[in-house]
Amino acid sequence: MTFMTGHHFLKESDFTPEQWLSFVDLAEQLKKDRAAGKEVQRLQGKSIALIFEKTSTRTRAAFEVAAIHQGAGTTYLDTSSSQIGHKESIEDTAKVLGRMYDAIEFRGDRQADVETLAANAGVPVYNGLTDEWHPTQMLADALTIREHVDKPYSDVVSAYVGDARFNTGRSFLVTAALLGQDARIIAPEGYQPPADVVSLAQGIANETGSRITITDDVDAVEGADAVSTDVWVSMGEAKEVWSERITALLPYQVNADLMKKAPNAIFMHCLPAFHDQETAVGRDVLKTFGLAELEVTDEVFRSPNSVVFDQAENRLHTIKAVMVSTLS
């Protein structure tokens, strides 16, 4: 096993391809050890602070359960149960928590905040998600592709379809470049990654041999081994925003017709997904726009090609790998 004791985990581009793969390799081994009843607790006596400005299901559960498996303790801190951002700055928070905890996880809006934590805490800091990057999700995706696509990463064609402006789309592109993949962002103009992110990914691709395509042509999904997407709308946004976004992105819905262009591809989604009316957002969209499904249809979501729940489980194993690697 390769360890990176003391390292932060803030964004994908902070790592070399070899370092990134070491996390995936370690996660794969930890998953096997857990299944075989042979897991070794390497984090006994460690304490980890979990800061959540944004709520979560998978990220919180993965950090807490991974810590339990490894013998560590956690403290959950949200905006209602701490002074973070209200009476105490991120810098001061980092200096306080860094004296009490062995590591700090942060899930919130600004990448600058998690970077400030890392600069001042004196202990490893983990990015559970910001508006700009989602690196823990990308590790889970990499492990899931390894498990379901029988090819080396350099031969894998990965397509991301939909709104690629923010964390998941950006992280997808940079991670695919790190892994040397044929990376395809398929999104309408105005919904593609910003130029600086494309430039960053292309610089990495020049070193790894990755092929990068940014296009608004859905036919670019042809030949993909993995098709990913993410939500288009969020609770609390104005309905005018929903209307504009749905109009632009509906041609990029991952449905049966789109998947026919890549019949052997696995379908991936970081979740939650709006594929039916079993959520408040789903019911609101149906009532307002007459749409029963958004970024992915229920047919595709529940199809044999869908690996979304394997992805979700792999958040546990890959986050565990990050903590073990940086704290052992």
Chemist: What do the steps show when you test F9 against W20 for ring pair (Phe, Tyr, Trp, His ring centres under 6.0 Å), and what is the final call?
Modeler: CA-CA 10 Å; F9 190 80; W20 190 257; 5.8 Å; yes
Chemist: Does E207 CD have over 12 foreign heavy atoms under 6.0 Å away?
Modeler: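 Open: at most 12 neighbouring heavy atoms sit under 6.0 Å from CD of E207.
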Chemist: Filter on ring-ring contact (aromatic ring centres under 6.0 Å, His included), then keep only pairs touching residues 171-208, sequence neighbours left out; what's left?
Modeler: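 Pairs touching residues 171-208 that pass the test: Y160-F172.
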Chemist: Check whether any side-chain heavy atom of L271 sits under 4.5 Å from a side-chain heavy atom of F301, and report yes or no.
Modeler: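 Heavy-atom side-chain distance check passes, below 4.5 Å.
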Chemist: Quick check: is F63 connected to I51 through a chain of hydrophobic side chains (ILVMFWY, heavy atoms under 4.5 Å apart)?
Modeler: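 As far as the 4.5 Å side-chain criterion goes, F63 and I51 are not connected within one cluster.
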Chemist: Same cluster or not: are I84 and L10 linked, directly or through other Ile, Leu, Val, Met, Phe, Trp or Tyr residues, by side-chain heavy atoms under 4.5 angstrom apart?
Modeler: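 Per the 4.5 Å side-chain linkage, I84 and L10 are co-clustered.
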Chemist: Taking the side chain from E189 and the backbone from T215, do they hold a donor-acceptor pair closer than 3.5 Å?
Modeler: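 Not confirmed, E189 side chain does not pair with T215 backbone.
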Chemist: Using modelled atom types and a 3.5 Å cut-off, is there a donor and acceptor pairing between side-chain atoms of D163 and backbone atoms of R165?
Modeler: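 Checking the backbone N and O of R165 against the side chain of D163, a donor-acceptor pair under 3.5 Å is found.
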Chemist: Any chance the side chains of E295 and H269 put a donor and an acceptor closer than 3.5 Å?
Modeler: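 Checked: E295/H269 side chains pair up, N/O donor to acceptor below 3.5 Å.
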Chemist: Looking at every non-hydrogen atom in both residues, tell me the closest pair between A121 and I104 and how far apart they are.
Modeler: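 Minimum heavy-atom separation between A121 and I104: CB-CD1, 3.8 Å.
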Chemist: Please check if any side-chain donor atom of D78 sits under 3.5 Å from a side-chain acceptor atom of S81, or the reverse.
Modeler: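 Checked: D78/S81 side chains pair up, N/O donor to acceptor below 3.5 Å.
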Chemist: Heavy-atom count around D150 CG within 6.0 Å, excluding the residue itself: above 12?
Modeler: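 Not more than 12 within 6.0 Å, no.
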Chemist: Flag the pair M268 / H148 as yes when at least one side-chain heavy-atom distance between them is below 4.5 Å, and no otherwise.
Modeler: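 No, every pair of side-chain atoms sits at 4.5 Å or beyond.
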Chemist: Write down the atom of V300, the atom of F267, and the distance for their closest heavy-atom approach.
Modeler: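 Nearest pair, atom of V300 first, then F267: CG1-CG, 3.9 Å.
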Chemist: State whether E53 and R110 are salt-bridged, where the test is any N-O pair (Lys NZ or Arg NE/NH1/NH2 against Asp/Glu carboxylate O) under 4.0 Å.
Modeler: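 Not counted as a salt bridge, because no side-chain N and carboxylate O are separated by less than 4.0 Å.
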Chemist: Is it the case that the side chains of T59 and R107 hold a donor-acceptor pair, with the cut-off being a distance below 3.5 Å and no angle test?
Modeler: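 Side chains of R107 and T59: pair found under 3.5 Å.
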Chemist: Using a cut-off of 6.0 Å, state whether more than 12 heavy atoms not belonging to Q202 lie near its atom CD.
Modeler: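 Result for CD/Q202: enclosed.
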